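Reviewing the structure listed below.
Below, each value reflects all heavy atoms present in this structure, side chains not excepted, and no hydrogens, waters or symmetry copies. These numbers were taken from a predicted model, which means no experiment stands behind them. Within every chain, numbering begins at 1; the chains are lettered A, B, ... in the order of the sequence lines, protein sequences first and strands thereafter.
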Amino acid sequence: MDFEIVSEITDVETIAAGTSVRDRARLRKQYGRGRWRKLKGVAKVRLLSGRIRLAEVHWYEAHGIGKREFKLKLPFLD
Amino acid sequence: MKKAEKPSAHFVVCLNNEGYKASLEVGKLYRFIPDKEAESEGMIRVVDESGEDYAFDAERFHPVSLPAVVEKALLAASTA
């Protein structure tokens, strides 16, 4: 991960599930078969510069596998 | 003879996909979106395999200059 999440993730929502997860085949290949979902939420993140910003983060999740590939959406929320 | 086309810079090549093996592929070209906020943090905003743009460590990528005709084709394909 290219940043560190330093707070609780709030406002969690599923933004894609099942066949609407575009990376589904790649997720299966890398992490295993599962019911992959793509989720978003809001958290404070520590960036490479050391600065802390409020940002929307996205990630993939499947039951029994867990959360994978947290990614940072721009623009920052603060 | 055709005039040489001036290369532009809207694409980067991925050098490192550690931690993002579903979202990025090493050696693949990705469209980057100029973003001063990202750049000020040592990051780069890139459209990844999901089709959405995210901020990644700029060290994961290297800019690529492509002939305009190639960029036009890649941009058309990425927005299709």
Subject >> Region of B/D57 that comes under 4.5 Å of a non-hydrogen atom in chain A >> reply: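 Answer is both: backbone and side chain atoms of B/D57 are under 4.5 Å from chain A.
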Subject >> Atom group of B/E25 that falls short of 4.5 Å from chain A, counting heavy atoms >> reply: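 Its backbone and side chain both get close to chain A.
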**OP:** Output the option from A/F76, A/Y60, A/Y31 having the highest count of non-hydrogen pairs under 4.5 Å with chain B.
**Re:**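 So the answer, after comparing A/F76, A/Y60, A/Y31, is A/F76.
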Original post:
When heavy-atom pairs shorter than 4.5 Å are enumerated against chain B, which of A/M1, A/K29, A/H58 gives the highest number?
Top reply: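 Most pairs with chain B among the choices: A/H58.
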Original post:
So what's closer than 4.5 Å to chain B heavy atoms on A/R28: side chain, backbone, both or neither?
Top reply: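 No part of it gets close to chain B.
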**OP:** Under 4.5 Å heavy-atom distance to chain B, tell me which part of A/E69 shows up: side chain, backbone, both or neither.
**Re:**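 Both parts, backbone and side chain.
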Original post:
Would one find more than 12 heavy atoms of other residues, nucleotides or ligands at under 6.0 Å from atom NZ of B/K21?
Top reply: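 It does: B/K21 NZ has more than 12 such atoms within range.
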**OP:** State whether the number of non-hydrogen atoms from other residues, nucleotides or ligands found under 6.0 Å of B/E37 atom CD is greater than 12.
**Re:**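 Yes, enclosed.
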Original post:
Which one of A/K71, A/K40, A/R22, A/K38 satisfies the salt bridge (charged side-chain N to carboxylate O under 4.0 Å, His left out) criterion with B/E52?
Top reply: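 Only match with B/E52 under salt bridge (charged side-chain N to carboxylate O under 4.0 Å, His left out): A/K38.
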Subject >> Approximate separation, where rounding is to 0.5 Å, of A/R26 CZ and B/S50 OG >> reply: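 Reported to 0.5 Å precision, the distance equals 10.5 Å.
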Subject >> Distance, nearest 0.5 Å, that separates CG of B/N16 from CG of A/D2 >> reply: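 The CG atom of B/N16 sits 8.5 Å away from the CG atom of A/D2.
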Subject >> side chain to side chain contact (heavy atoms under 4.5 Å, CB included) between A/L74 and B/M43, intermediate numbers included >> reply: CA-CA 11 Å; A/L74 294 179; B/M43 304 189 92; over 6 Å; no
**OP:** Verify the cluster assignment for A/L27 and A/L39: are they in a single hydrophobic cluster under the rule of side-chain heavy atoms below 4.5 Å apart?
**Re:**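 Hydrophobic grouping puts A/L27 apart from A/L39.
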